[in-house]
Amino acid sequence: MNLELTFSLKKGRFQLNANTQIHWQQPSTHVIFGKSGIGKSHLLRCICGLENPTGVISWHEDHNHVHWLDSERRMNMACHLRPVTMVFQDNQLFSHLNVEENLRFAFDRATANEHDWQHCIDALKLRDLLSHQVQQLSGGQAQRVALARAILSKPKLLILDEPLASLDWQSKQDVMDYIKRLNHEWQLPVLYVTHDIHEVLTLADQVIMLHDKNAMTQVQTPRPLIDILQDENHPFYGLGKSSILIAHNTQHQQDGLLHCQVGEQLMRLPIAQISDKGASLSSKEHTHPTNLKTVAEENKLRLCIAANDVSLALSEAKDSSIVNTLQGKVSRIEQTTSGQYLIQLKVDDQYLLSEISAYSFKRLNIEMWQPLFAQIKGVALQRCR
Amino acid sequence: MNLELTFSLKKGRFQLNANTQIHWQQPSTHVIFGKSGIGKSHLLRCICGLENPTGVISWHEDHNHVHWLDSERRMNMACHLRPVTMVFQDNQLFSHLNVEENLRFAFDRATANEHDWQHCIDALKLRDLLSHQVQQLSGGQAQRVALARAILSKPKLLILDEPLASLDWQSKQDVMDYIKRLNHEWQLPVLYVTHDIHEVLTLADQVIMLHDKNAMTQVQTPRPLIDILQDENHPFYGLGKSSILIAHNTQHQQDGLLHCQVGEQLMRLPIAQISDKGASLSSKEHTHPTNLKTVAEENKLRLCIAANDVSLALSEAKDSSIVNTLQGKVSRIEQTTSGQYLIQLKVDDQYLLSEISAYSFKRLNIEMWQPLFAQIKGVALQRCR
Amino acid sequence: AMFARSHLSHADTINVAVAANFKQTLQALKTPFEKTTPHRIKIISASTGQLLQQISQHAPFDIFLAANTAHPQLLWQHIHESRDLGLDALAVYAKGRLVFFSRTPLSEAVSLEQALTNKMFTRISMANPKLAPYGLAAQQSIECLTSDTYWREKSVIGQNVAQAFQFIDSNNVDGGFVALSQVLNKDPGNISVIDEACYDDINQMALRLNNQPASLAFMTFLQSTAAQHIIRQNGYHLP
Amino acid sequence: MDALLLTLKLAFFSTVILIIIATPLAWFLAHNTFKGKFLLEAIIALPLVLPPTVLGFYLLIALGPNGPGGFIAQLWGDRTLAFSFSGLLIGSVIYSLPFVVQPLQNGFSLIGKKPLEVAYTLNASFKDAWRTIIFPLAKPAYISAATLGFAHTLGEFGVVLMIGGNIPGETQVISIKIFEQVEALQYQDAHVLSAILLGLSFLMLTAIYATRKSANKTGML
Amino acid sequence: MDALLLTLKLAFFSTVILIIIATPLAWFLAHNTFKGKFLLEAIIALPLVLPPTVLGFYLLIALGPNGPGGFIAQLWGDRTLAFSFSGLLIGSVIYSLPFVVQPLQNGFSLIGKKPLEVAYTLNASFKDAWRTIIFPLAKPAYISAATLGFAHTLGEFGVVLMIGGNIPGETQVISIKIFEQVEALQYQDAHVLSAILLGLSFLMLTAIYATRKSANKTGML
Ligand SMILES: Nc1ncnc2c1ncn2[C@@H]1O[C@H](COP(=O)(O)OP(=O)(O)OP(=O)(O)O)[C@@H](O)[C@H]1O
Ligand SMILES: Nc1ncnc2c1ncn2[C@@H]1O[C@H](COP(=O)(O)OP(=O)(O)OP(=O)(O)O)[C@@H](O)[C@H]1O
Ligand SMILES: [Mg+2]
Ligand SMILES: [Mg+2]
């Protein structure tokens with residue numbers, strides 16, 4: 001699937017320029033990222049056909065090539081004919097319909113079947129709310145209804161504008177799992193706007209940055225999350241400070257650990273950490289056995305490791321609770337603006353980031369190409385394709 | 001300051017019971033926490049006087065004791081007479097006024113002065129938006145305007161309902177810093193609803209849980225964040241898995257580190273980590289020198305440490321980048337539902353949590369009251385009073 | 001306050017309530033009256049029925065010039081005791097004359113009778129027989145002129161004789177029964193005066209509503225030759 | 001009761017036509033800004049300021065052989081549109097138009113374009129979205145518009161009197177009949193007829209408002 | 001131009017009184033649900049369905065010596081409230097009430113209570129919030145209500161004719177004057193007077209709508 005965006009939109013002093021292709025190798029979630037007020041919502045509205053920019057928007061799928069917008073040929077496909085659905089930042093439920101009727105509105109105009117309906121309602125925990133008036137919903141409830149409504153319209157491209165902003169941690173996790181399942185089971189590509197780095201790390205396949213250039217908003221070419229996390233020139237870098245390693249040869253072991261290999265080196269992942277630890281201290285209590293199974297079946301894992309979860313040592317610690325130690329060589333040394341050091345380690349042919357204090361840096365006397373042991377504490381794990 | 005809540009509210013099948021006191025030792029931020037749809041927003045509405053519960057709500061401040069609600073005596077102070085201001089979950093800007101007029105509306109009815117106005121506008125980065133129509137604002141911009149409006153009405157109690165949900169990381173940090181300043185400079189107590197654990201760890205002094213009991217929502221007695229983080233029976237425990245240590249004897253050292261003491265043991269905090277690392281991998285690029293100064297001046301620090309930032313070792317590591325090692329004794333061992341181990345360490349008279357894998361637990365052969373070395377990677381630091 | 005008008009003043013203003021069809025004639029009478037007496041008049045016009053209702057609710061009128069005799073007589077019966085009015089408060093002041101007015105002159109080919117019955121005149125207008133004396137007269141005249149009842153199907157009813165005229169004047173109907181006073185300056189060829197034997201007299205009766213000098217003076221003036229001359233000029237007969 | 005039936009028929013058809021005309025007009029006015037919009041709005045409200053009989057008089061001329069109405073009537077061999085049911089309809093519609101356009105326009109404005117946009121993204125066409133979203137949301141406005149339009153046509157008689165010619169069974173509506181009875185001092189009859197008219201209208205209005213009430217409860221308000 | 005001045009005076013005061021009466025009524029109806037609410041709403045709309053002259057007839061009796069109006073008038077020594085400016089005002093207000101209440105009620109309903117709640121939390125009292133928030137938000141509704149009320153009073157003449165008595169300089173409004181001129185076949189005069197009335201109204205309406213347009217731009221719509 002491929003979405004071509006070559007257009008510009010002007011609204012008062014706000015101007016948005018896009019000249020890029022968004023490509024999905026397989027259906028997955030691409031995240032749109034940019035600071036508040038940069039124009040993310042407007043970009044989405046253009047894709048949906050709710051704004052009237054000048055230029056070209058076209059959609060390629062399985063050798064089908066459809067122009068949604070082509071100003072030169074004066075064609076502009078109406079919003080309801082484009083196979084996209086969007087969740088608006090402010091939900092926008094229909095106030096004269098109750099929850100079920102809101103969902104039915106989308107369902108009746110789509111090809112989703114009864115099973116999808118049941119599943120969606122359960123996944124988003126809406127069963128008890130079906131008969132509620134939308135005015136009575138709490139913020140998070142309304143957000144889940146809006147999401148369900150969009151999903152039930154079974155689009156070919158799902159666009160979500162900060163869909164989890166007012167959900168609690170547990171609901172967020174559940175919804176993100178569900179979105180990943182949709183990617184996979186419905187072959188549904190997703191464009192996702194969020195400010196939450198945790199959501200990015202959990203969901204993002206590629207990242208599309210919006211940034212400011214000469215007082216105009218420019219849409220950047222999408223780049224894989226893995227790349228971006230290693231690119232110190234990317235604005236995301238400072239925010240993410242994480243690296244991603246691809247592990248293979250996954251094996252579920254008796255000792256309650258998942259064994260896998262990064263290059264030649266063994267890593268042991270506590271099962272509890274699989275799919276439950278996003279990228280931060282906030283880990284979840286419950287694992288999802290089903291999810292784990294699908295993960296384990298495919299033989300490749302994506303490990304998302306925060307730079308400050310990685311400590312460095314000159315020798316391998318033997319009596320520490322840190323299970324995973326990878327050996328590597330220092331491939332880049334960089335002082336961050338806040339006075340800390342970001343050390344890039346080459347582990348076989350992959351790269352791992354570690355953030356340490358200036359004090360440690362001096363104490364360990366780190367130099368380029370010096371061999372070091374990286375001790376890894378937290379690991380977030382995602383299925384990798 | 002003290003807010004007494006003894007009331008119950010019924011709305012259809014939803015019922016909310018409160019029977020508690022919310023106390024502010026000094027003006028600080030108390031966080032209200034609970035899952036989506038539990039009734040947080042309704043609790044806030046009751047305090048503001050927008051709902052009509054039965055019972056008593058009263059406000060004590062400096063020997064003044066004011067009843068806001070007393071159903072028995074048939075008294076119910078009108079909302080606009082109560083010195084509270086609330087930011088609604090859905091912003092609710094006045095659509096016929098532009099940004100500046102929205103702010104002026106609050107400003108003109110309050111005692112804030114010109115300096116407060118300027119400062120608030122700068123802190124929330126609204127200067128460029130003043131002449132905008134509110135319909136043109138992006139989600140995050142609208143949220144900041146709503147927050148500024150509430151602040152400019154200079155209440156005696158500020159109530160915020162998920163005020164940062166659609167802000168980007170940087171803005172969130174700035175706003176939280178600003179809220180902390182308001183606590184201090186305006187002596188303004190804050191009640192804060194959020195789902196974001198990062199916001200809780202950064203801002204919360206005490207935590208008020210809402211939970212479900214016999215299909216009714218019950219407001220629990222507020223408890224200090226430090227307590228809660230250590231209480232395995234608290235639903236928050238699984239979510240937070242963090243501990244808080246109070247450090248004293250803070251000294252700014254030449255080596256770019258802040259030295260302080262936990263009990264008798266020395267800790268070295270990289271300056272960059274001060275006030276910039278919330279609780280997760282997502283650290284910020286820029287330090288706030290001003291903030292740092294105020295932190296250093298007071299001689300006590302609050303260190304917020306995520307359990308999985310703490311690794312355990314039998315001996316003290318010498319050649320590791322981990323700067324801080326605290327010695328302690330195992331005071332509690334607990335297996336989490338996800339199969340990992342949560343080890344509580346008694347460090348002098350304080351407690352530190354560490355989360356380790358079952359594998360490590362076995363390997364290190366940890367037993368109660370065994371002396372261990374805790375290696376601490378990430379530290380979030382807050383000014384402590 | 002209106003009833004507390006001073007009786008001491010010699011120059012009074014009186015309110016004359018007049019049926020709409022006589023309003024223009026009354027305007028012509030206004031100047032000579034105000035020249036010959038010190039009094040002034042204010043003209044108030046509406047339909048006879050409305051004026052009756054208003055007077056019975058104590059409207060501040062001094063003289064009532066009706067378009068019929070029934071209404072003033074009815075009113076007199078109700079109020080003569082309380083207002084100490086003699087029979088002389090009533091007087092017929094004019095007699096209306098009915099004409100048939102058409103857009104095109106009636107010729108030998110199309111007599112009045114034919115106009116009423118044939119299909120060339122698709123519509124004819126008249127005033128409402130239930131309300132307006134001219135309407136009743138028109139109905140009587142038709143019944144006198146022809147026994148055919150086809151006219152009922154093609155008649156268009158105006159609320160009063162003025163509307164009956166407007167229907168013709170705006171070219172929406174071919175012709176109709178109107179008052180002579182309305183068509184004085186029209187082409188005489190288009191006007192056929194109806195034989196007065198065909199309809200009952202359209203007597204217009206005045207009622208003096210109080211005994212003020214100005215009211216008495218107006219009643220006197222109305223029956224003076226000067227006034228009668230003007231009334232006749234305006235297309236009315238005298239009683 | 002010819003007159004009563006005729007009246008109801010006139011009021012009903014007027015209301016239907018008014019709603020049909022006013023809907024696109026109000027929608028257009030609510031969602032577009034263009035130069036001279038206020039002129040169009042003023043023109044729509046203008047018939048209101050003329051006394052009904054005077055408006056009726058001008059309409060009489062317009063509908064007659066010298067006006068556009070006569071031209072149209074000639075197409076099927078008549079000389080005028082006056083004195084016919086269609087003439088009455090035209091008059092009523094023109095006279096009551098502002099009462100119907102304005103509530104709808106306000107309603108559409110307050111609803112805004114957002115619900116429509118959402119419906120679009122959920123694959124609803126304009127027609128579909130209009131029927132299922134906008135119309136239900138604008139229901140209170142429609143009820144207002146329809147009742148004002150209907151009641152006004154019931155009570156209005158100046159215009160009708162003028163261009164209808166008061167032909168029994170054809171253009172004699174009940175309001176004219178009551179007027180006649182009052183004029184003819186037949187107060188008893190007038191009271192009875194008024195009571196019937198009021199009673200009927202009251203029943204109808206309460207029925208409508210009672211329905212609206214339950215719509216409110218579940219609705220947007 | 002006595003009649004013109006009188007008309008404007010009547011229309012102006014009627015509108016002012018209507019707005020004053022209709023505001024609390026519409027607010028109450030918009031924000032409360034109670035048993036029999038629909039009855040109240042129907043009663044307000046009821047005067048509409050009677051022909052103006054018939055309504056005028058009943059009002060005439062009500063205002064007269066035997067009705068409540070006479071009772072009130074006796075308090076200062078008059079026998080009737082009819083045939084006076086205040087009588088006219090009462091008639092106009094009753095007749096135009098639904099045109100003013102309904103747009104306001106719809107407006108208030110659509111605005112809802114949220115803006116008020118926000119204003120309360122920002123320390124605005126009900127009065128303050130009403131003036132600074134609700135009224136500006138309801139401005140389009142007010143403009144609708146006021147123009148409909150004003151224009152309707154300008155054009156309305158059945159009620160006025162009946163209870164005013166058409167006394168020149170006292171209760172003779174311009175609509176009656178035009179009516180009379182048409183009746184008296186003084187078409188020239190009628191055309192002139194109609195043109196003046198239409199012109200004035202048109203100017204006024206365009207002025208109002210032009211203002212509203214710019215209000216919309218910055219406003220809620
Ligand atoms: N009609 C308009 N005229 C001028 N500027 C506008 C208009 N509408 C929106 N803007 C501006 O366009 C910018 C982009 O808005 P948009 O809603 O797309 O931002 P966003 O990236 O979604 O932000 P957020 O994360 O806060 O939701 C904002 O700065 C807004 O002020
Ligand atoms: N009028 C009503 N009748 C019945 N239930 C209601 C009514 N209004 C709200 N509720 C219910 O009350 C509950 C509490 O809502 P509230 O908005 O206070 O939740 P919340 O804790 O703020 O949730 P969130 O975090 O999602 O904003 C919800 O479950 C909602 O469905
Ligand atoms: Mg946005
Ligand atoms: Mg809420």
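Letters go in sequence order (proteins before strands), and every chain restarts at 1. Basis for what follows: all heavy atoms, side chains included, without hydrogens, waters or symmetry-related copies.
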> Once you round to the nearest 0.5 Å, how far does OG of A:S138 lie from NE2 of B:H42?
Replying inline: 9.5 Å
>> As an exercise, state the distance from OG of B:S166 to CG of A:D196, rounded to the nearest 0.5 Å.
In response: 12.0 Å
>> For a side-chain contact (heavy atoms from CB on, under 4.5 Å) check, start with the C-alpha distance between B:S311 and A:Q375, then their side-chain angles and the critical distance, and finish with the verdict.
In response: CA-CA 10 Å; B:S311 56; A:Q375 299 175 317; over 6 Å; no
> For B:K11, which residues count as a side chain to side chain donor-acceptor pair (under 3.5 Å) partner, sequence neighbours excluded?
Replying inline: B:E51
>> Suppose we screen for side chain to side chain donor-acceptor pair (under 3.5 Å). Which residues come up paired with A:R13, at least two apart in sequence or across chains?
In response: none
[X], part contacting chain A, at a heavy-atom distance under 4.5 Å:
| X | answer |
| --- | --- |
| B:L312 | both |
| B:Q141 | both |
| B:S41 | neither |

>> Heavy-atom pairs under 4.5 Å with chain B - which of A:G34, A:G37, A:G12 has more of them than the others?
In response: A:G37
>> Only pairs of heavy atoms separated by less than 4.5 Å count here; which of B:G139, B:S171, B:A142 has the most with chain A?
In response: B:G139
> Which residue out of B:V310, B:N91, B:V193 racks up the most heavy-atom pairs below 4.5 Å with chain A?
Replying inline: B:V310
> For the side chain of B:D168 and the backbone of A:S36, is there at least one donor-acceptor N/O pair under 3.5 Å apart?
Replying inline: yes
